[in-house]
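Convention: sequence-line order gives letters A, B, ...; per-chain numbering from 1.
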Amino acid sequence: MPGVRVRFAPSPTGELHIGGARTALFNYLFAYSEGGKVVLRIDDTDLERSRSDYIDKLIASMHWLDLEWDEGPYYQSRRLDKYTGEAERLLAENKAYRCYCSAEMLAEGRSEARKESKAYLYPGTCRELTAEQEEAFQKEGRVPVIRLLTPDQGNTVVRDEIRGEVSFENANLDDFIIIKSNGLPTYNFASVVDDLQMDITHVIRAEEHLSNTPRQQLCALALGYELPKFAHVPMILAPDRSKLSKRHGATSVEEFYSEGYLPEALVNYMALLGWSPDAGGEEEIFSLDQMVNRFDLYKVTKTAAVYDVTKLSWMNSHYMREYDLNRLTEAAVPFFEQKSLVEAPLNNEEYNYLKQVIAAVRERAKTLVEMADISTYFYHDRFEYDQKGVQKHFYKENAAQHILKAAEELQKLEPYEKESIENLYRTLSEELGISTGRLIHPTRLAITGRTAGPGIFEIMALLGRERTVERLKKAADYIEKNLPQK
RNA sequence: GGCCCCUUCGUCUAAUCGGUUAGGACACCAGCCUUUCAAGCUGGCAACAGGGGUUCGAAUCCCCUAGGGGUCACCA
């Protein structure tokens, strides 16, 4: 389908939400799977809530996710003449009219309707104002809005690429506002004008916009333009099936970044929320390019998806294992910095050490934050011994002597490296007449404070002879002092 | 409340024209591997919201009910 043009049109009133990010993703996947183009448009006609720092953050998040675009960003706030121009035209063609009703009057009507538990529809009070009446209102200082004149009868049918035909009764649609009294267009009008003028062929957006679509079609009809195709993708819900909000943990792309998720994992996870590639496949790991190749808009689900952090975590740990080690190291630096383990910029030696640490721990962490967390003992020995481990490994018969003996031997070991350390431990345990585990477990506890972690010989080699021996001695000391008298 | 959308394992999902032991992934459980933890491998648990139709046959088509979500702004 040549000539496909989609747009992603966020409003800069907050950080990029996971739902918005997935909408952007689907737009991206669809456009490029069809050889089309992506337009980025900033819908910033709400002066009260739009903030320029959100625009920067939004764009930064898009780049981080690697969701690039071909055109834009365009800003609605810089295209205001387009909307007023089109509105003037509708006015001239008698397809729209000025309305002088005050916000107070409307609010009154609404609360009235609420009492009767009915939906409020603007009654069309100003539909047939005479020139004299308008002049009188203007002299009073009333500033009008512009409303679209909508049909009272018949139906407006939305042809949705995902949901099929959805029919709305025009009687339920009132003469809605297209230009506010401050001269700015409303969403339903601005987005239609832009979609039409920017030659957008497919409007792919969240399901919450489905109910607005008939209004937009009415706008397009009045403007005399051809309609783009619509596709409303399902929403993303919180685990309790309510709307996703801050109380459900991370919801914005930025938060996922700072919690230590990799962009590839987030993108991969989001894609699978509402879409799945060819049937039956066991594989669920896809790069952006692979997704583009397999994407099919018509296979997007109709059902809202519950966002579940567990699967994202699994996916993230998968990407951490598979990532190029240098890239992973670079991605990890800020997180190690945050824990005061390293200080950027790292010199060569520091970088190489960090790289080795990461190689050792990467497959044991689900996020970069967790990775930094479990790496602290590679940087300092300010750790407590895990108490369960102490019971289990330190208070065993002769544990202190064993550790001390190992320390002694390690001091003399040449060369001091992973393989030779392992050999030493194997022969030493044999000499002592104990299992290698009896030596290994207390050693791990002594030099890491933990009972779990990477291969112990790898840790010892990485830590170096000095720190290893020192920590072993310190542990032996601890055992002597704390060993319960039996 | 009106209008609109949706409903398959706990979660994400698959099932060409109606005929499958209803498949996969995550999570969970068990076993294997192993110096621990992970990872990996093997196996297991687990779903068609409910009720009516249509049909030889329904997860799939129709209707009703229930539940969830969205929307009803001079927000987008």
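Within the 4.0 angstrom heavy-atom criterion, no nucleotide atom of any strand lies near A/H232. Across all strands, A/R241 comes closer than 4.0 Å only to sugar-phosphate atoms, never to a base (heavy-atom distances). Here A/F176 lies out of heavy-atom contact (under 4.0 Å) with every strand. Looking at heavy-atom distances under 4.0 Å, A/A305 makes contact with sugar-phosphate atoms alone, never a base. Base engagement by A/G453 is indicated by at least one non-hydrogen atom pair under 4.0 Å involving a base atom. Across all strands, A/C99 comes closer than 4.0 Å to no nucleic acid atom at all (heavy-atom distances). Using a 4.0 Å heavy-atom distance criterion, A/L272 is classed as a sugar-phosphate-only contact. If you check every strand for non-hydrogen atoms under 4.0 Å, A/P454 touches a base. Across all strands shown, A/S211 has heavy atoms under 4.0 Å from base atoms, whether or not it also approaches the sugar-phosphate. Residue contacts for A/G274: at a heavy-atom cut-off of 4.0 Å it reaches the sugar-phosphate backbone alone, with no base atom in range. The residue A/N188 sits apart from the nucleic acid: no heavy atom pair falls under 4.0 Å. A/R444 comes within 4.0 angstrom of a nucleotide base, judged by non-hydrogen atoms across all strands. Heavy atoms of A/S167 sit under 4.0 angstrom from primed sugar atoms or phosphate atoms, though from no base atom. At the heavy-atom level, A/T451 lies under 4.0 Å from base atoms of the strands shown.
A/R438 has no side-chain polar atom (N or O) that falls below the 4.0 Å cut-off from OP1 or OP2 of B/rU36. Contact check, A/K180 against B/rA76: a side-chain N or O comes under 4.0 Å of OP1 or OP2. Applying the 4.0 Å criterion to OP1 and OP2 of B/rG40, one finds that A/R321 has a side-chain N or O inside that range. Within the structure, a side-chain polar atom (N or O) of A/S276 is placed less than 4.0 Å from OP1 or OP2 of B/rA14. Residue A/T45 places at least one side-chain N or O closer than 4.0 Å to OP1 or OP2 of B/rA76.
Of the candidates B/rU11, B/rC72, B/rU35, the closest approach to any side-chain atom of A/D308 belongs to B/rU11. Listed nucleotides: B/rC3, B/rA76, B/rA73. Nearest to the side chain of A/N172: B/rC3. Among the nucleotides B/rC5, B/rU71, B/rC26, the one closest to any side-chain atom of A/W314 is B/rC26.
Under the Watson-Crick and G-U wobble criteria, each requiring two contacts below 3.5 Å, nucleotide B/rC41 is paired to B/rG31. Look at B/rA73: it lacks any Watson-Crick or wobble partner with both distances under 3.5 angstrom. The partner of B/rC26 is B/rG10, by the rule that a Watson-Crick or G-U pair needs both atom distances under 3.5 Å.
The separation of B/rG68 from B/rC62, taken at their P atoms, amounts to 24 Å, rounded to a whole angstrom.
Counting only heavy atoms from C-beta outward, the side chains of A/H232 and A/V166 never approach each other to under 4.5 Å. Annotation: side chain of A/N293 is not in contact with side chain of A/F286 (no heavy-atom distance under 4.5 Å).
Mapping A/V166 and A/R426 onto RNA chain B by nearest heavy atom places A/V166 closer to the 5' end of the strand. When each of A/E169 and A/A452 is assigned the nucleotide of RNA chain B with its nearest heavy atom, A/E169 is the one assigned upstream, toward the 5' end.
For B/rU36, the base has no donor-acceptor partner in the side chain of A/R450 [N/O atoms by modelled type, under 3.5 angstrom]. No hydrogens or angles were tested; on distance alone, nothing pairs the side chain of A/T303 with the base of B/rC6 as donor and acceptor under 3.5 Å. A donor-acceptor contact under 3.5 Å is formed by the side chain of A/K311 with the base of B/rA25. Side chain A/R364 to base B/rC37: a donor-acceptor pair is found below 3.5 Å. The base of B/rG69 lies outside donor-acceptor range of the side chain of A/E208, with no N or O pair under 3.5 Å.
Whole-Å rounding puts the A/H17 NE2 to B/rA76 P distance at 19 Å. Rounded to whole Å, the distance from CG on A/L16 to P on B/rA76 is 19 Å. The CG-P distance, from A/D46 to B/rA76, rounds to 5 Å in whole Å. In this structure, A/D386 atom CG and B/rC37 atom C1' are separated by 12 Å, rounded to whole Å. Taking atom CD1 of A/I162 as the reference point, atom P of B/rG70 lies 18 Å away to the nearest angstrom.
With hydrogens and angles ignored, the 3.5 Å screen pairs no side-chain donor or acceptor of A/S317 with any backbone N or O of A/K366.
From A/E254, atom CD reaches atom CZ of A/F256 across 12.0 Å, with rounding to the nearest 0.5 Å. The CE atom of A/M371 sits 8.0 Å away from atom CD1 of A/I374, with the distance rounded to the nearest 0.5 Å.
In terms of heavy-atom proximity, A/Q153 sits nearest to A/N170 at O-OD1, 2.9 Å. Taking both residues in full, the closest heavy atoms of A/L16 and A/S61 are given as CD2-CB, 3.8 Å, listed atom of the first, atom of the second, then distance.
The aromatic ring centres of A/F30 and A/F295 sit 6.0 Å or more apart.
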